[in-house]
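Following: one structure in structure tokens, then a few remarks.
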Amino acid sequence: MERKYNPSEIEEKWQKRWEEKQVFRVTEDPNKKKYYLLEMFPYPSGRIHIGHVRNYTIGDVVARYKRMKGFNVLHPMGWDAFGMPAENAAIEHGIHPSTWTHENIDNMKRQLKRMGFSYDWDREIATCEPEYYRWEQLFFLWMVEKGLAYKKSSTVNWCPKCETVLANEQVEAGLCWRCESEVGEKYLSQWFFKITAYVEELLDYCDRLPGWPERVLTMQKNWIGKSYGCELSFPMADGKGEIKVFTTRQDTIYGATFMLIAAEHPLVLELSRGKECEGTVRDFMEKIKKQDKKMRTSEYYEKEGVFLDTYCLNPATGRKMPIYAANFVLADYGTGCVMAVPTHDQRDFEFAKKYDLPLIVVIQPPDRTLNVRTMAEAYTEEGVLVNSGPFDGMENLKALDAIADHLEKLGRGKKTVQYRLRDWGISRQRYWGTPIPMVLCEACGTVPVPESDLPVVLPREVELTGEGGSPLARFPGFAETICPRCGQPARLETDTMDTFVESSWYFDRFCSARHDVSPGLDRAKLDYWMPVDQYIGGIEHAILHLLYARFYTKMLRDFGVLGVDEPFKNLLTQGMVCKETMRCPEHGYLFPDDVQDGKCTQCGRAVAIGKTEKMSKSLKNVVDPDYLIRAYGADTARIFCLFASPPEKDLEWSDQGVDGSFRFLSRTWRIVTDYLDLIRDVPPFAGGEPLEGDLKALRRKTHQTIRKVTADIEERFHFNTAISAVMELVNSLYPLPRPAADDRLALSVIRETVEAVIRLLAPLVPHITEELWSLLGRSETLADVAWPSFDTTVASEEEITIVIQVNGKVRSRINVPADEDGEKIQALALADEKIARQIAGKRLVKQIYVPGKLVNIVVGG
RNA sequence: GCCUGGGUGGCGGAACUGGUAGACGCAAGGGACUUAAAAUCCCUCGGUCCUUGAGGCUGUGCGGGUUCGAUUCCCGCCCCAGGCACCA
């Protein structure tokens with residue numbers, strides 16, 4: 001009786017059965033060890049892409065594996081549902097963002113279910129629902145109360161296309177991270193989250209997250225950017241006030257010959273006011289204001305400045321230092337002012353050369369002597385101090401502390417630290433986001449909406465035109481309110497929050513099932529589930545999302561909502577999915593269907609096979625998951641993603657590779673169904689009777705495979721090698737002579753192997769394995785079956801191969817019993833025919849024996 | 001410029017703390033089955049040399065070093081990818 005492997009039939013059948021039996025629904029069970037597995041939730045763009053398939057397959061394998069290992073597994077899914085694309089759809093197609101979002105969610109949910117992912121859909125959340133964002137608004141009120149949310153007027157990064165503010169983190173090389181327009185600047189009153197209040201803890205814990213990839217932690221540390229240095233005071237030459245600077249190079253203070261102030265700094269206008277230079281200074285400031293971020297951060301941006309006709313005094317030497325406004329000094333780092341040491345800082349050097357300012361060498365390199373007249377660039381390495389008063393002759397690194405202490409004693413400086421990390425600006429002039437629950441009252445200022453009035457619900461009937469400014473501000477009725485403090489007419493805040501706020505705490509919401517509306521954040525449940533044991537997602541979130549989520553966790557801990565310091569115990573950042581591109585000189589990038597025999601079907605020109613790039617619509621190198629499922633089934637899509645490369649690496653898509661994965665599943669299906677009639681009523685071998693020959697070898701291989709697959713999944717999530725081990729096991733089943741129907745011993749060994757194959761593959765390809773399991777007469781759902789265990793004795797080899805080397809080169813191999821005596825092995829090695837030939841007539845120098853591995857015979861002459 | 005990763009067959013990738021380089025899969029070639037094709041099954045498959053063997057040499061980006069032995073450790077360099085970037 002032959003059964004054909006028909007993926008779509010069996011996949012839909014099992015998906016339906018899992019849903020009916022609510023196999024993946026989970027509740028807190030204090031008697032079971034919990035495991036919280038989370039994949040980064042998607043933005044509901046409308047369709048899942050291969051990147052999702054890969055991410056969620058990796059997660060699903062771990063979830064299913066942990067379930068089989070007996071853990072109480074929380075594996076939820078939801079939607080990061082606020083954001084710009086919904087609003088753009090509204091502007092372009094007149095569809096309401098809510099309708100658009102929910103339609104997309106429905107479709108993507110269908111696709112995820114069709115992949116067979118084992119989610120507890122009972123915990124599904126969409127961040128655009130008031131039941132979700134009311135918590136966010138509540139946290140916001142608490143943050144205002146604690147001073148962790150504050151309003152401040154500042155220049156902000158402004159994307160002219162999205163017409164909204166962007167956080168520093170959302171500006172990439174001067175371009176908007178979303179639409180790649182050039183980012184400009186704008187002066188606005190904005191809400192900020194005081195992430196800097198947690199900067200030390202965020203940095204500290206970077207060294208206490210052993211389950212995170214090193215590079216992610218390095219990126220976060222760099223982003224936080226802690227530098228140790230000094231704040232130094234430079235008195236004005238006219239005795240009126242002083243200028244403070246931050247420096248990490250106080251060792252070069254004796255070489256500071258001029259002072260630089262950021263062009264945007266208010267001090268620039270103040271110092272030049274009423275002076276002859278005032279006009280020139282204003283022109284300079286105007287000019288810089290017009291320059292966009294991209295230009296200012298460009299490599300070729302020329303350093304420029306203007307003299308403010310004022311001097312300050314070097315606190316160490318008393319030297320008179322001219323003060324300049326400069327275009328390359330950052331206004332929002334340190335104090336916005338820097339002491340310039342042209343001999344030992346390349347930027348200052350260029351500036352000094354351009355404006356003919358004095359140079360003094362204060363560090364001499366160990367191997368040569370610097371001369372200010374011949375220097376072509378600044379010397380920034382280590383050396384010995386010169387021209388530095390009492391510090392002459394000291395190594396500059398040692399002088400860092402000594403000079404800091406000296407200036408501190410003079411009352412001119414103090415040791416301090418600076419961070420690159422800024423507070424997080426979260427106001428967005430958009431509609432489709434969480435309303436900020438604050439009231440603006442003329443008399444009382446900004447007043448919080450009372451907790452009892454939450455949530456501030458986003459009104460539905462808002463007109464979206466795509467024109468500038470906040471849509472909520474133009475919506476009649478929304479903003480009009482009365483001040484909760486004085487009762488007078490007032491206005492609600494009409495900006496909404498950055499969508500990164502929703503994703504900063506969604507993992508907490510998952511800890512309570514959806515029907516637990518009140519209280520949606522239950523401390524007992526949070527204590528049971530948090531932290532997330534394994535978080536999986538794209539490397540592109542290495543800084544932004546992961547840093548914000550860490551900040552929120554610490555803050556919510558301090559609010560008493562949570563009991564953990566860090567949200568994610570282990571982090572896996574999976575690589576991108578890439579595919580080759582094809583490009584016609586005339587028609588640009590082409591879909592594979594538009595290419596025939598290497599030529600463009602439109603114009604017949606030869607098509608260039610481009611390099612492999614991240615799949616994207618514009619490069620036309622995408623693969624549609626729905627197509628894959630239709631053509632091969634979800635199991636093939638899953639196993640290909642797992643087999644093609646280890647999860648943290650980029651995956652190069654290969655259509656032939658997909659065929660190969662399908663072939664492996666068919667091959668597995670065939671060998672099991674071929675044996676079905678013979679082994680259905682035979683119990684799996686469980687030891688007892690002694691085995692010999694092929695059967696003994698097969699059983700050994702089976703137990704070795706269980707050991708290897710378990711280790712590969714458990715220790716490093718290397719599913720590719722786990723799969724190849726199972727492939728080997730399946731391959732070893734093929735050449736086995738078919739036992740007679742009454743050879744129950746042989747059949748029971750085969751059944752043991754077959755059951756091992758099925759259970760080892762169960763987390764990876766859940767549908768085909770469920771089907772095969774039930775065909776074997778097993779009635780329980782495979783999802784509830786225990787992960788197979790192995791017997792070390794059975795897995796151990798009785799005969800091992802010893803490599804024999806001569807002078808480190810492999811010359812022969814011998815097979816010996818695994819427990820063979822070392823002396824005997826060495827004697828056998830010397831007696832080996834090929835070895836004898838190699839060492840004939842040579843002097844034996846020494847002999848190295850590595851037990852169980854090799855013998856190396858070293859000969860001379 | 002600084003900080004991370006990473007360079008292994010025609011390709012994706014194995015080789016876990018220094019000990020058989022190339023597991024597994026793809027592609028390619030050969031064979032079996034078939035009227036034929038597809039599917040399936042079996043075999044070969046880093047390079048090179050010859051005397052075709054249970055052969056020799058060579059081979060993990062390049063150049064050195066440590067070691068009985070290096071894809072693995074150390075030093076110097078080249079290339080690729082990612083992050084940060086006038087952060088004083």
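Throughout, protein chains are lettered first and strands after them, A, B, ... in sequence-line order, and every chain is numbered starting at 1.
Near-neighbour residues of RNA chain B inside residues 211-221 of chain A, defined by a heavy atom below 4.0 Å, number-ordered: A:Arg215, A:Thr218, A:Met219. Contacts between residues 247-258 of chain A and RNA chain B, defined by a heavy-atom separation below 4.0 Å, involve A:Thr247, A:Thr248, A:Arg249, listed by number.
B:U51 and B:G56 have their C1' atoms separated by 11 Å, given to the nearest Å. A gap of 27 Å separates the C1' atoms of B:C41 and B:G46, to the nearest Å. Comparing B:C74 with B:U40, their P atoms sit 47 Å apart, to the nearest whole Å. Here the separation of B:U58 from B:G6, taken at their P atoms, is 30 Å to the nearest Å. With P as the reference atom, B:A27 and B:C42 are 15 Å apart, rounded to whole Å. The P atoms of B:C2 and B:U71 are separated by 30 Å, rounded to the nearest whole Å. Nucleotides B:G25 and B:U44 place their P atoms 13 Å apart, quoted to the nearest Å. For B:C80 and B:G61, the C1' atoms lie 10 Å apart once the distance is rounded to whole Å.
In summary, the aromatic rings of A:Tyr355 and A:Tyr324 are positioned with their centroids under 6.0 Å apart. A ring-centre distance under 6.0 Å is not found for A:Trp424 and A:Phe500.
Closest to the side chain of A:Arg670, from the set B:U20, B:C86, B:U40, is B:U40. Side chain of A:Phe643, nearest nucleotide from B:G12, B:G69, B:A14: B:G12. In the set B:A27, B:G12, B:C84, the nucleotide with an atom closest to the side chain of A:Gln656 is B:A27. In this structure, of B:G13, B:C24, B:A27, it is B:C24 that holds the atom nearest to the side chain of A:Glu728. Here B:A88 is the nucleotide among B:A88, B:C42, B:A23 with the atom lying nearest to any side-chain atom of A:Tyr333. Side chain of A:Arg811, nearest nucleotide from B:C57, B:C86, B:C42: B:C57. Of the candidates B:A14, B:A23, B:C87, the closest approach to any side-chain atom of A:Asn720 belongs to B:A14. The side chain of A:Arg420 has B:C84 as its nearest neighbour among B:G25, B:G19, B:C84.
Side-chain polar atoms of A:Tyr849 and A:Asn856 form no donor-acceptor pair below 3.5 angstrom. Remark: the A:Asn621 side chain and the A:Thr581 side chain contain no N/O donor-acceptor pair separated by less than 3.5 Å. For the residue pair A:Asn222 / A:Arg420, no side-chain donor-acceptor distance below 3.5 Å is found, with atom types taken as modelled.
The side chain to side chain contact (heavy atoms under 4.5 Å, CB included) with A:Glu242 is formed by just one residue from the set A:Cys312, A:Ser233, A:Pro315; it is A:Ser233. Checked against A:Met339 for a side chain to side chain contact (heavy atoms under 4.5 Å, CB included), the options A:Ile243, A:Thr252, A:Asp345, A:Asn314 give a single hit: A:Thr252.
With both pairing distances under 3.5 Å, B:C41 is matched to B:G31 as a Watson-Crick or G-U wobble pair. Across all strands shown, B:G19 forms a Watson-Crick or G-U wobble pair, both distances under 3.5 Å, with B:C68. Partner assigned to B:U8 is none, using Watson-Crick or G-U wobble distances below 3.5 angstrom. If you check B:U60 for Watson-Crick or wobble pairing at under 3.5 angstrom, you find it has no partner at all. Under the Watson-Crick or G-U wobble criterion, with both distances below 3.5 Å, B:G1 is paired with B:C84.
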(message) Please determine whether side chain to side chain contact (heavy atoms under 4.5 Å, CB included) holds for the pair A:Leu651 and A:Cys578, giving the CA-CA distance in whole Å, both sets of side-chain angles, and the decisive distance to 0.1 Å.
(response) CA-CA 6 Å; A:Leu651 184 156; A:Cys578 303; over 6 Å; no
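Judged by distance alone, the side chain of A:Gln704 and the main-chain N or O of A:Ala795 form a donor-acceptor pair under 3.5 Å.
Within 4.0 Å (heavy atoms only), A:Gly660 reaches sugar-phosphate atoms of the nucleic acid but no base atom. Residue A:Arg663 is in sugar-phosphate contact alone, with no base atom involved, counting any heavy-atom pair closer than 4.0 Å across all strands shown. Residue contacts for A:Val850: at a heavy-atom cut-off of 4.0 Å it reaches a base atom on one of the strands shown.
In B:A54 the base sits syn relative to the sugar, since the glycosidic angle is no further than 90° from 0. In this structure B:G46 sits in the anti conformation; its chi angle is more than 90° from 0.
Listed by chain and number, the residues in a side-chain hydrogen bond (donor to acceptor under 3.5 Å, both in side chains) with A:Glu302 are A:Lys354 (sequence neighbours excluded).
For the pair A:Asp332 and A:Arg422, the salt-bridge criterion is met [side-chain N within less than 4.0 Å of a carboxylate O].
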